[in-house]
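Each remark here refers to the structure printed beneath this line.
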Amino acid sequence: MAKVETERETTLATQAPARKMAVWAAVGCGLALVVITLGAWTRLVHAGLGCPDWPGCYGFLTVPQDADNIAIANARFPQSPVDVAKGWPEMIHRYAAGTLGLLIFGLAVTAVRYRKFGIPVRLPLFIAGFVVLQAAFGMWTVTLKLWPQVVALHLLGGFTTLTLLFLLTLRLRKRARSGQPSRTFGPNHPLTGIRPWLYGGLLLVILQIALGAWTAANYAAVACTDLPTCQGQWWPAGMDFRHGFDVTQQVGPNYLGGQLTADGRVTIHVTHRLGALVVLAYFTVLLVALWRQRRETGLSGPLKWVAAALVLQVCLGLANVLLHIPLTIAVAHNAMGALLLVSVVHLIWRHHQLPEPRASMDSPPVISREATA
């Protein structure tokens, strides 16, 4: 009896670090979503160059506001006079991103410290390394004057950070609950046949998010203001894919407001719309197929989350066009894109955690060699 109690106490002791880290990783997920939302807000209010330097603002830790500091700032950057209203969105975004970076580094250090308790180490360290790269893209966004390639990659980096933190949260929660890896179904199980289709859906969502990032970086969201056509045409005349998706384009003094031709922006916008239709059609078929197996899989909850996120994202996209990109809806569209990605990742995770099915009552019993000896 004492031995059983000792083993129980040992198990609880090994699960405690995972439980605490899972809470902080979940906080990191929420903060990452806030950073993504603030980044969208900063871009939509045209404050991406509200501070012409990095990581400070005109050489200050905060946005210069009094007359003396503004005079100093204008002397330092005569080509970019101080605009306090645009400086604060940029700095608030940086403060939030910096806080997230500190939390991620804390998770990495804690994971190394408690690695003997079975805490995953490689993923927290990878996230810490990735957030350094993400910070570099944040710097290049400013120093390269909103070069669309960098802006798009920076946005994708934010989505990647959120997804990695979410995966870390799932792994830590699993460790905290059981202390041991759960038994998943084998490769010959009939339910594994759907897995490639799940990954195909994830790839489509990532590509659609990338199209959305390219649309935002090139200010193409307002290129089409009618539905379901674009400028009154199903396939607008003058569609220019070569110019719209030219990754070698020049920025000029800066890229604030964009420099693509109207045809290039229309091409990007229409492509993003077509991508949304493909994602919607694909997931409609996939979710219906999985819903029919919900009793066998127990995945009704994750399926509902993906369906809800998909419907809301499509509705927000339609509202953006019909209402001409209102700030609140445009920011929500970015946030919902992140939630759609996370919900698909959660569905795939839950599918991987499905237990081995019990042997059928009709199947013959398996007799071991030891039993016949």
Side-chain angles (χ1 to χ4, degrees), residues 29 32-33 36 40 123 130 152-153 155-171 173-174 182 184-216 228 245 268-318 320 332-355:
C29 289
L33 183 61
I36 290 172
L123 182 56
F130 186 83
L153 287 173
L155 192 153
L156 290 174
F159 279 62
T160 302
T161 303
L162 170 61
T163 304
L164 292 174
L165 282 170
F166 182 68
L167 282 173
L168 178 61
T169 303
L170 292 175
R171 291 187 181 182
R173 290 181 62 186
K174 176 181 173 181
S182 62
T184 57
F185 59 76
N188 295 323
H189 192 282
L191 290 176
T192 57
I194 201 70
R195 189 171 293 169
W197 297 98
L198 287 170
Y199 280 106
L202 177 61
L203 178 60
L204 285 178
V205 170
I206 293 172
L207 290 175
Q208 181 62 7
I209 290 172
L211 278 174
W214 190 247
T215 301
F245 292 93
I268 295 173
H269 187 109
V270 171
T271 304
H272 186 50
R273 283 192 188 183
L274 293 175
L277 290 174
V278 171
V279 171
L280 179 61
Y282 186 96
F283 271 95
T284 299
V285 175
L286 180 61
L287 293 178
V288 168
L290 284 170
W291 184 256
R292 291 174 177 172
Q293 299 176 342
R294 66 188 182 278
R295 292 185 178 179
E296 292 83 0
T297 62
L299 294 177
S300 58
L303 290 172
K304 290 177 181 178
W305 281 111
V306 173
L310 182 62
V311 171
L312 286 174
Q313 181 68 343
V314 171
C315 290
L316 288 170
L318 295 175
N320 268 330
H333 188 54
N334 281 263
M336 188 53 64
L339 293 176
L340 174 60
L341 174 62
V342 167
S343 66
V344 173
V345 170
H346 181 234
L347 175 59
I348 295 174
W349 167 269
R350 287 287 303 274
H351 193 268
H352 273 276
Q353 305 308 309
L354 292 176

Indicate the ring-plane relationship of F245 and W214, choosing parallel, tilted or perpendicular according to the 30° and 60° boundaries.
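Rings of F245 and W214: parallel, as their planes differ by under 30°.
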Looking at side-chain heavy atoms only, is the closest gap between L310 and V279 below 4.5 Å?
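In short, these two side chains touch, coming nearer than 4.5 Å.
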V344 vs F283 side-chain heavy atoms within contact, under 4.5 Å:
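Result yes, sub-4.5 Å side-chain heavy-atom pair found.
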Closest non-hydrogen atom pair between [X] and [Y], with its separation:
{"X": "L155", "Y": "A213", "answer": "CD2-CB, 4.0 Å"}
{"X": "N334", "Y": "A40", "answer": "CG-CB, 3.6 Å"}
{"X": "A338", "Y": "L33", "answer": "CB-CD1, 4.0 Å"}
{"X": "P302", "Y": "H346", "answer": "CG-CE1, 4.0 Å"}

To the nearest 0.5 angstrom, please state how far the [atom1] atom of [X] sits from the [atom2] atom of [Y].
{"X": "L340", "Y": "L316", "atom1": "CG", "atom2": "CG", "result": "11.0 Å"}
{"X": "I36", "Y": "L162", "atom1": "CD1", "atom2": "CG", "result": "5.0 Å"}
{"X": "Q353", "Y": "T297", "atom1": "CD", "atom2": "OG1", "result": "13.5 Å"}
{"X": "L198", "Y": "L299", "atom1": "CG", "atom2": "CG", "result": "8.5 Å"}
{"X": "F130", "Y": "L164", "atom1": "CZ", "atom2": "CG", "result": "6.5 Å"}
{"X": "L347", "Y": "L287", "atom1": "CG", "atom2": "CG", "result": "7.5 Å"}

For residues 306-317, pull every pair meeting side chain to side chain donor-acceptor pair (under 3.5 Å), keeping only residues two or more places apart or in separate chains.
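Every pair satisfying side chain to side chain donor-acceptor pair (under 3.5 Å) with a residue in residues 306-317: Q313-H333.
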Quick check against the 3.5 Å criterion: does R273 have a side-chain atom that pairs as donor or acceptor with the backbone of V270?
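A pair under 3.5 Å: no.
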Any sub-3.5 Å donor-acceptor pair from Y282's side-chain atoms to L277's backbone N or O?
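Checked: no pair found.
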Do W291 and V288 pass the side-chain contact (heavy atoms from CB on, under 4.5 Å) test, and can you show the C-alpha distance, the side-chain angles, and the key distance before you say yes or no?
CA-CA 5 Å; W291 184 256; V288 168; 5.6 Å; no
CA sep, side-chain torsions, deciding dist, call: Q208, V205, side-chain contact (heavy atoms from CB on, under 4.5 Å):
CA-CA 5 Å; Q208 181 62 7; V205 170; 5.7 Å; no
Take I268 and L211 through the test side-chain contact (heavy atoms from CB on, under 4.5 Å) and record every step on the way to the result.
CA-CA 8 Å; I268 295 173; L211 278 174; 5.9 Å; no
Run the side-chain contact (heavy atoms from CB on, under 4.5 Å) check on L286 and I194 step by step: do they pass?
CA-CA 9 Å; L286 180 61; I194 201 70; 3.9 Å; yes
Other residues, nucleotides and ligands only: do more than 12 of their heavy atoms fall within 6.0 Å of CH2 on W349?
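Yes.
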